[in-house]
**Student:** 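Here it is, the structure, as structure tokens.
Numbers here simply count residues along the sequence, with the first being 1.
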Amino acid sequence: MLGNLRPTEIILILVVILLLFGAKKLPDMARSLGKSARILKSEAKAMKKDDEAAKAAEAPTAPADPSAQTAPRTIQAAPGDVASSRPVSEPNRTAQG
């Protein structure tokens, strides 16, 4: 579709865009589009780094001393699960009055 456009049609489309959005708004629109592209690029890099860190953490490592005992695992309740959740520690409350 884009390959079938002749130069006069492209110029006509650009003129219509200038009339619709105005010459003052186009640089602002291009600037905001550039900012959005930079933000998207940086977020994609951050996600890639997070994935690499997660893969590195998932890699099994052999313990240096096989006779060493591992600490017991603690299982916590899922968020919003009030039936099986228990507080770890509660502050001591004394009656003042």
**Student:** Could you tell me which residues satisfy side-chain contact (heavy atoms from CB on, under 4.5 Å) with E9, sequence neighbours excluded, listed by chain and number?
**Tutor:**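 Only L5, R6 meet the side-chain contact (heavy atoms from CB on, under 4.5 Å) criterion with E9.
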**Student:** What residue pairs, at least two apart or across chains, pass side-chain hydrogen bond (donor to acceptor under 3.5 Å, both in side chains) with a residue in residues 39-49?
**Tutor:** none
**Student:** Using the salt bridge (Lys or Arg N to Asp or Glu O under 4.0 Å) criterion, which residues pair with R38? Sequence neighbours excluded.
**Tutor:**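 Applying salt bridge (Lys or Arg N to Asp or Glu O under 4.0 Å) to R38 gives none.
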**Student:** Can you give the donor-acceptor pairs under 3.5 Å from side chains of residues 10-33 to other protein atoms, not counting sequence neighbours?
**Tutor:**
from	atom 1	to	atom 2	distance (Å)
D28	OD1	R31	NH1	2.8
S32	OG	D28	O	3.3
S32	OG	M29	O	2.9

